[in-house]
Amino acid sequence: MESLDDIIAAHAGREGPLLPILHDVQARFGEVSEHAIRAIANALNLTRAEVHGVVSFYHDFHEVADPRPVLKLCRSEACQARGVEALAAGLPDDGRVKVETIYCLGLCSVGPNAMAAGKVHARLDGAKLNALLESLA
Ligand code: FES
């Protein structure tokens with residue numbers, strides 16, 4: 001299993017290593033912890049504030065792991081035109097699935113679309129979205 005040091009070492013010699021390191025740390029540990037921020041900053045000769053600023057800027061990075069499954073719902077223009085806002089308004093607020101907004105999944109003609117567990121789900125309606133949420137929870 002890849003350690004934090006392994007991840008940093010794998011990218012440290014590359015140009016612009018910070019984002020690839022953060023993505024790999026997030027994928028491996030489910031979070032970019034304060035400990036990881038400190039180690040990354042030391043390895044890349046950055047301040048902790050610089051690394052923390054990047055972590056807090058991007059929604060894909062979390063300082064504390066959230067074990068809930070994630071549904072990324074496209075709320076860009078084409079999906080809006082196909083009714084995503086009505087779907088979003090009908091989402092349950094039980095908190096079992098973390099719903100995030102994403103802007104365009106590249107399948108605009110078959111929206112409304114969402115991504116979950118690495119798969120894109122197209123042509124969503126209320127029933128399909130509810131079934132998807134149930135399958136994730
Ligand atoms: S606008 Fe939703 S997939 Fe492009």
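All residue numbers refer to positions in the sequence shown, counting from 1. Values below: every heavy atom of this structure, side chains too, minus hydrogens, waters and symmetry copies.
The two residues Gly83 and Pro112 come nearest to each other via the heavy atoms C-CG, 4.2 Å. Closest of all the heavy-atom pairs between Cys74 and Val84 is O-CG2, 3.1 Å. Nearest heavy atoms, Phe29 versus Ile7: CE1-CD1, 4.1 Å. Closest approach of Lys98 and His62 over heavy atoms only: NZ-CE1, 3.1 Å. Of all non-hydrogen atoms in Ser56 and Gly53, the two that sit nearest each other are OG-O, 3.2 Å.
The other members of the hydrophobic cluster of Val110, by chain and number, are Ile102, Leu105, Leu107, Met115, Val120 (side-chain heavy atoms under 4.5 Å, ILVMFWY only).
Atom CG of Asp6 is separated from atom NE2 of His11 by 11.0 Å, given to the nearest 0.5 angstrom. If you take CD1 on Ile37 and CG on Leu22, they are separated by 8.0 Å, rounding to the nearest 0.5 Å. For the atom pair Leu73 CG and Asn113 CG, the distance stands at 9.0 Å (nearest 0.5 Å). Rounding to the nearest 0.5 angstrom, the gap separating the SG atom in Cys79 from the OH atom in Tyr103 is 12.0 Å. Atom NE2 of His52 is separated from atom CG of Leu46 by 14.5 Å, given to the nearest 0.5 angstrom. With rounding to the nearest 0.5 Å, the separation of CD1 in Ile8 from CD in Glu2 is 10.5 Å.
Here salt bridge (Lys or Arg N to Asp or Glu O under 4.0 Å) pairs that include residues 73-83, with residues two or more places apart or in two chains, are Arg75-Glu85. Applying the salt bridge (Lys or Arg N to Asp or Glu O under 4.0 Å) test to pairs two or more places apart or on separate chains, none has a residue in residues 13-32. Within the structure, salt bridge (Lys or Arg N to Asp or Glu O under 4.0 Å) contacts touching residues 43-61 (residues at least two apart or in different chains) are Glu34-Arg48, Asp60-Lys72. Residue pairs meeting the salt bridge (Lys or Arg N to Asp or Glu O under 4.0 Å) criterion with at least one partner in residues 112-137, sequence neighbours excluded, are Arg96-Glu134.
Under a hydrophobic clustering in which Ile, Leu, Val, Met, Phe, Trp and Tyr are joined whenever their side-chain heavy atoms come within less than 4.5 Å, directly or via other members, Val32 and Val64 fall into different clusters.
Applying the 6.0 Å contact sphere to CG of Asp66 captures more than 12 heavy atoms from other residues, nucleotides or ligands.
With sequence neighbours excluded, no residue forms a ring pair (Phe, Tyr, Trp, His ring centres under 6.0 Å) with His35.
For the pair Leu44/Ile21, a side-chain contact is recorded, criterion being any heavy-atom separation below 4.5 Å from C-beta on. Counting only heavy atoms from C-beta outward, the side chains of Val55 and Glu63 approach each other to under 4.5 Å. The closest side-chain heavy-atom distance from Phe61 to Leu19 is below 4.5 Å.
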### Task
Would you sort out whether Val97 and Val70 count as a side chain to side chain contact (heavy atoms under 4.5 Å, CB included), showing the intermediate values?
CA-CA 6 Å; Val97 175; Val70 176; over 6 Å; no
### Message
side chain to side chain contact (heavy atoms under 4.5 Å, CB included), that's the test. Do Leu124 and Leu87 meet it? Break it down for me.
### Response
CA-CA 8 Å; Leu124 291 174; Leu87 289 179; 4.0 Å; yes
